[in-house]
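First the proteins, then the strands, lettered A, B, ... as listed; each starts at 1.
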Amino acid sequence: MEYNFLDIEKRWQRYWAENKTFEVNVDKSRPKYYVLDMFPYPSGAGLHVGHPLGYIASDIFSRYKRLKGYNVLHPMGYDAFGLPAEQYAIQTGQHPAVTTEQNIARYRKQMDKIGFSYDWSREVRTCDPKYYKWTQWAFLQMFSHWYNPETNRAEKIEELITLFSKEGNKNVWREGEIFDARQWNNFDQEKRSEILMNYRLAYLGETSVNWCPALGTVLANDEVKEGFSVRGGHPVEQKKMKQWQLRISSYAERLLAGLVNLEWPESLKEMQRNWIGKSEGAEITFKVSNGVEEYDMLIFTTRADTIYGATFMVLAPESEWVEKLTTASQKNEVEKYLVYASKKTERERQAETRKVTGVFSGSYAINPFTNEKIPVWISEYVLAGYGTGAIMAVPAHDSRDYLFAKQFDLRIVPLIEGCDISHESFDAKEGIMCNSGILNGMSVKDAIPAAIEEVEKRGIGKRKVNYRLRDAIFSRQRYWGEPFPVYYKDGIPFPMEFEDLPLELPEVDKFLPTESGEPPLARASDWNYMGYPVEKSTMPGFAGSSAYYLRYMDPHNINALVGREENEYWRSVDLYIGGAEHATGHLIYSRFWNKFLFDTGYVCEEEPFKKLINQGMIQGRSNFVYRIKGTNTFVSSGLRDNYDTTEIHVDVNIVHNDRLDIGAFRNWSPEYRDADFVLEDDEYICGWAVEKMSKSMFNVVNPDMVCEKYGADTLRMYEMFLGPLEQSKPWDTNGIDGVHRFLRKIWRLFYKKEELAVCDRKPSGNELKILHKLIKKVQEDIESFSFNTSVSAFMIAVNELTELECNAREILEPLLILLSPFAPHICEELWSILGHKESICNAVFPGFVPEYINEDSFEYPVSFNGKLRYKLELARSLSAGEIERIIRENGNTQRFLAGSLIKKIIVVPGKIINIVF
RNA sequence: GCCCAGAUGGCGAAAUUGGUAGACGCGCUGGUUUCAGGGACCAGUGGCCGCAAGGCUGUGCAGGUUCGAGUCCUGUUCUGGGCACCA
């Protein structure tokens, strides 16, 4: 019987679906394990061969854990709201829901062919109202909570209101004005709403946003890169707008601290740390005067030790101090500068990083340590959004201040003994202080805390921690997203009642913004809530993906995002596999979202993803043909140096091992029908390069094609064989034959010609050794996610068993179980041929018996172990030949070498455990 | 500019964590098979010298530690990724 993978795979996929093999439920008698893939955005292009890499790895791990007796939750769904479907809708008028539905169907079909063990009964789609009801619910929860820095958790806003009515806000964290209980009780509704907005975790606030005119929407910081939108690559500018925001910055410290216990790649944790950007320093008050009035101005610095060298101050152009400190004589110049600065887009600022601009305000400050009068300048290099939007400038020890001082000829005072500041500032935090009054003679390390202490003693400032993490802008002026469950009464936003969720997307005639520049939802003119207008923005992409892993635990619950019992059983994701590109987006929003739900008691774990693995990207491997310029003649790669040629991408599907299928090439495009070729050795050799996998490079390899030609089992194993999971690597179809050959060898191990060749005889020592070596190796490899080396181990074992003509059931059955996570279809088929009625998914992972390996270990070439040889040489001055003899006689398990310096050698095959002298 | 990861045959990669470098697979070379094939199987395959046994050399580059270094240390070059006026 032949290995007919097409037939086998189709049959078992149907079997799994019909028998609901992978459906799971809460089962307190068994330990749980939750394996999650980052769910895909179903794009129109379908899956290419790179997408399933992580899915295959997680599937292998899930199947392995099942064999180990775990109750494995392994779900899949779709991140279905998003820009591409909407852009497509704008162009074609096709409703995004229709496009999305089609794309999902295609994704599902493609995934089904690969034989994944998902529990599809738990599928979620972020665009499904039954799902986004809970996204809206979470938003309302955030709206009705605030972050109490005293207790370090989110608390109900009602409690805050009660507090305000009793004692005002003098005893709580606040932003803006201070009021007492009487004032609060006299405030009207609008005023109260405005004040509470400063506390709510989801709030409406004026802020400078990334505005993308081409997309007609605002974007979050992680959706912008180098001044362009990540989706689409359109220019982005800064604009002040009133937007819904999430107060993620309150969670900065907990998001940072929580990283410590996560089993995530170090690089990814580092990215999150940078993104959160904690810096410890001090806030210090400087007296400033515009000649008429005097103020206290607060600045932030991490280098309080350099305060004696603060020779000027700088304000951000957007700072509220600018207006107060601009003197009459400087008014014209300052206004000119402000216009100049505000006109610049983010992109231009990025490009001109080193260009120094600024203007003098006319005012002076007093350096509290030197009592010198120092000028206050305005410059765009100081950011309004960080610290207090104002700095003390220490040109000797900060490179930006240095450049500014040089440009405008300001005083530079060195503060560290022997530092050279003739050409650049001395930024390093090392050396001995000088010119620094009470700090003189201290090391910088000691001077920083000493300076802060002095500041606190004088009562002009205090220790302060700042974070770079900004609140997440949560509004998008788009159609295809979750509507906000918010309506407006007299201009004041009110939350909808929970019973009225979900608030579904209305139908609109067009998906474009309105003529007056309102978001597309404004086109739904009769859309209202109890007669009041509803918020017209929608939520961003990360809204739907922030808690989807919780919904999988209990996807059909209509009363809660997740039921308490389900949540307490499944808890959090044990293993999360996905791309590193979500480091500062999804992965940080999700952690925030989860921490919030933890605070409010809806979930029982504070961190959502215990262990995380980033699978590498699979790049394309493009092939080229070389056309001699001005002709229709193509020259083979090796000979092209002799001609003047143009490199042309050729479809990788008509190239095999870099040999061009000339017939297929002629049919590929009419333009090549009459092409001529200059061959080498009667073949046309193509050139190749590693590039992004994309249609335009003709290097897209589609998993369906691979499944059809080689089978899903081959695809799965080959993707793992390609290299380490976490590493990026090009897809190269060339090597796939080797893996396919391996699967046929497996088949032939069971089938000799037409006969099933398996019998119940007792296995030999060698056979047992091969099996148990493999069990050990495969188990270790799977648990360390080293799937590529375990595929190799299978190949070695099968080669050895084939050579021994192994037909012992006792060997071959465990072999199938071991292999089944990697190549489930062929294993199920052979398993059932061996007479098993139950699916191999319900089998038990074989135990490793070390004795089977140790048994005849004297055959193992221990003598080659250099370490042992060296130690023996040292200890007994023996020659290599004598040592080899001793080992041959003694080197099996554990022996005493009587009368020598060596008391004991402990040897297991291939490994010296210890030598005791 | 700063931070992180990496560099091993013609190619993808292994290396028990300091002990025979290149396992396994691809490709290539030669062979076997009543072999139509992109079929199956066997042998060889880092480089240099040699008919051979064998020798020399070899993990980006330059040093160092060690009986012994792909692995540890110092410096350096290149490649990939992240951050980028964050005071």
Side-chain angles (χ1 to χ4, degrees), chain A residues 225-226 265-275 277-279 281-282 299-304 306 310 313-314 316 349-350 352-356 379-383 385-394 397-401 403-404 427 466-470 580-581 583-584 614 616-617 619 621 656-659 661 688 709 717-718 721-724 726-742 744-745 748 776-777 780 786 788-799 802 861 863-871 873-874 908-912:
Chain A
K225 216 166 240 182
E226 291 171 9
E266 203 40 53
S267 62
L268 198 135
K269 288 203 219 177
E270 194 58 30
M271 271 193 243
Q272 291 214 342
R273 282 191 205 107
N274 290 341
W275 193 256
K278 178 177 185 172
S279 59
I299 59 99
F300 174 74
T301 180
T302 54
R303 293 294 303 273
T306 61
M313 316 281 292
V314 188
R349 284 199 187 196
Q350 300 260 356
E352 300 170 1
T353 296
R354 287 286 149 201
K355 198 170 145 196
V356 181
S379 171
E380 58 181 339
Y381 85 86
V382 173
L383 305 176
Y386 187 78
T388 62
I391 63 157
M392 67 175 202
V394 184
H397 302 290
D398 182 288
S399 51
R400 296 151 301 176
D401 299 345
L403 288 172
F404 194 80
D427 290 17
N466 253 325
Y467 300 91
R468 219 169 63 189
L469 185 70
R470 307 294 162 80
E581 66 273 16
T584 53
N614 293 127
M617 273 220 281
Q619 297 134 308
R621 188 181 186 278
H656 308 284
N657 285 328
D658 293 334
R659 266 79 174 157
D661 180 337
W688 63 274
K709 200 165 161 197
M717 290 202 85
Y718 186 58
F721 183 69
L722 222 45
E726 309 205 47
Q727 189 176 301
S728 286
K729 56 235 162 188
W731 175 266
D732 181 358
T733 306
N734 289 342
I736 202 166
D737 292 317
V739 171
H740 189 63
R741 221 166 274 157
F742 158 78
R744 284 208 306 260
K745 269 186 199 164
R748 282 203 305 270
K776 186 159 181 276
K777 175 83 175 142
E780 283 169 3
S786 179
N788 53 329
T789 52
S790 54
V791 175
S792 293
F794 278 116
M795 289 177 173
I796 294 168
V798 166
N799 283 345
T802 303
S863 62
F864 285 119
N865 188 304
K867 188 172 169 182
L868 176 63
R869 174 180 293 175
Y870 176 68
K871 289 205 169 182
E873 270 172 9
L874 272 193
V908 299
K911 192 170 182 178
I912 305 299

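What separates OH of A:Tyr381 from C1' of B:A84 is a distance of 16 Å, to the nearest Å. The distance from atom CZ of A:Arg273 to atom C1' of B:A84 is 19 Å, rounded to the nearest whole Å. Per the geometry, CD belonging to A:Glu726 stands 17 Å off P belonging to B:G81, to the nearest Å. A straight line from CG of A:Asn734 to C1' of B:G27 spans 8 Å, rounded to a whole angstrom. Between A:Asn614 atom CG and B:G82 atom P there is a gap of 12 Å when expressed in whole angstrom units. Atoms CD (A:Glu270) and P (B:G81) sit 18 Å apart, rounded to a whole Å. At whole-Å resolution of the value, CG in A:Asn274 and P in B:G81 are 17 Å apart. Atom CG of A:Leu403 and atom C1' of B:A87 are 14 Å apart (whole Å).
The C1' atoms of B:G12 and B:C51 are separated by 36 Å, rounded to the nearest whole Å. When the C1' atom is used for both B:U77 and B:U16, the distance is 32 Å, rounded to whole Å. Rounded to the nearest Å, the gap between the C1' atom of B:G68 and that of B:G81 is 36 Å. As rounded to the nearest Å, B:U45 and B:G22 have C1' atoms that lie 12 Å from one another. B:U65 and B:C73 have their P atoms separated by 15 Å, with the value rounded to a whole Å. Here the separation of B:G1 from B:C24, taken at their C1' atoms, is 43 Å to the nearest Å. As rounded to the nearest Å, B:A40 and B:G50 have P atoms that lie 37 Å from one another. Between the C1' atoms of B:U76 and B:A7, the separation comes to 14 Å (whole Å).
Between the CD1 atom in A:Ile796 and the CG atom in A:Asn799 there is a gap of 8.0 Å [rounded to 0.5 Å]. If you take CG on A:Asp737 and CZ on A:Phe742, they are separated by 15.0 Å, rounding to the nearest 0.5 Å. Note that CG of A:Leu268 and CZ of A:Arg273 are 10.0 Å apart. Values are rounded to the nearest 0.5 Å.
Across all strands shown, B:U8 forms no Watson-Crick or G-U wobble pair with both distances under 3.5 Å. As the counterpart of B:U45, B:G27 is assigned, both hydrogen-bonding distances of the Watson-Crick or G-U wobble pattern falling under 3.5 Å. Remark: B:U66 base-pairs with no nucleotide in the shown strands. Criterion, Watson-Crick or G-U wobble with two distances under 3.5 Å. With a cut-off of 3.5 Å on both Watson-Crick or G-U wobble distances, the partner of B:G37 is given as none. The nucleotide B:U20 finds no pairing partner, because no Watson-Crick or G-U wobble arrangement with both distances shorter than 3.5 Å includes it. Across all strands shown, B:G58 forms no Watson-Crick or G-U wobble pair with both key distances under 3.5 Å. The partner of B:A52, taking Watson-Crick or G-U wobble pairs whose two distances both stay under 3.5 Å, does not exist in any strand shown.
The side chain of A:Ser279 places an N or O atom within less than 4.0 Å of a non-bridging phosphate oxygen (OP1 or OP2) of B:A87. A sub-4.0 Å separation between OP1 or OP2 of B:C41 and a side-chain N or O of A:Arg748 is present. For the OP1/OP2 pair of B:C28 and a distance below 4.0 Å, the side-chain nitrogens and oxygens of A:Arg659 include at least one atom meeting the criterion. Within the structure, every side-chain polar atom (N or O) of A:Arg741 is placed at least 4.0 Å from both OP1 and OP2 of B:G25.
With RNA chain B read from its 5' end, the first of the two nearest nucleotides for A:Thr301 and A:Ser267 is the one closest to A:Ser267.
A:Asp401 contributes a side-chain N or O that, together with a main-chain N or O of A:Val394, makes up a donor-acceptor pair within less than 3.5 Å. When atom types are taken as modelled, the side chain of A:Asp427 and the backbone of A:Ser399 share a donor-acceptor pair closer than 3.5 angstrom.
The closest side-chain heavy-atom distance from A:Asp398 to A:Arg303 is not below 4.5 Å. Between A:Trp731 and A:Tyr718 there is a side-chain heavy-atom pair separated by less than 4.5 Å. A:Ile391 has its side chain out of reach of A:Tyr386: every pair of non-hydrogen atoms, C-beta onward, lies at least 4.5 Å apart.
Contact check on A:Lys777 versus A:Glu780 returns no salt bridge, with no Lys/Arg side-chain nitrogen under 4.0 Å from an Asp/Glu carboxylate oxygen. A salt bridge links A:Arg621 and A:Asp658; the closest N-O separation between the charged side-chain nitrogens and carboxylate oxygens is under 4.0 Å.
Which of B:G82, B:C26, B:A87 sits closest to the side chain of A:Phe300 comes down to B:A87. Considering only side-chain atoms of A:Arg468, the nucleotide from B:C83, B:C26, B:C4 that sits closest is B:C83. The nucleotide whose nearest atom lies closest to any side-chain atom of A:Tyr386 is, among B:G25, B:G38, B:A87, B:A87.
Heavy atoms of A:Ile391 sit under 4.0 angstrom from at least one base atom. Among the protein residues, A:Asp401 comes within range of no part of the nucleic acid, since none of its heavy atoms lies under 4.0 Å from any strand.
Base orientation of B:G9: syn, the glycosidic angle falling within 90° of 0. Against the 90° criterion about 0, the sugar-base torsion of B:U17 places it in the syn range.
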Taking N or O atoms only and anything under 3.5 Å, show me the protein contacts with nucleotides 9-14 of chain B, one pair per line.
from, atom 1, to, atom 2, distance (Å)
B:G12, O2', A:Leu722, O, 2.4
B:A13, OP1, A:Gln727, NE2, 2.4
B:A14, OP1, A:Asn788, ND2, 2.9

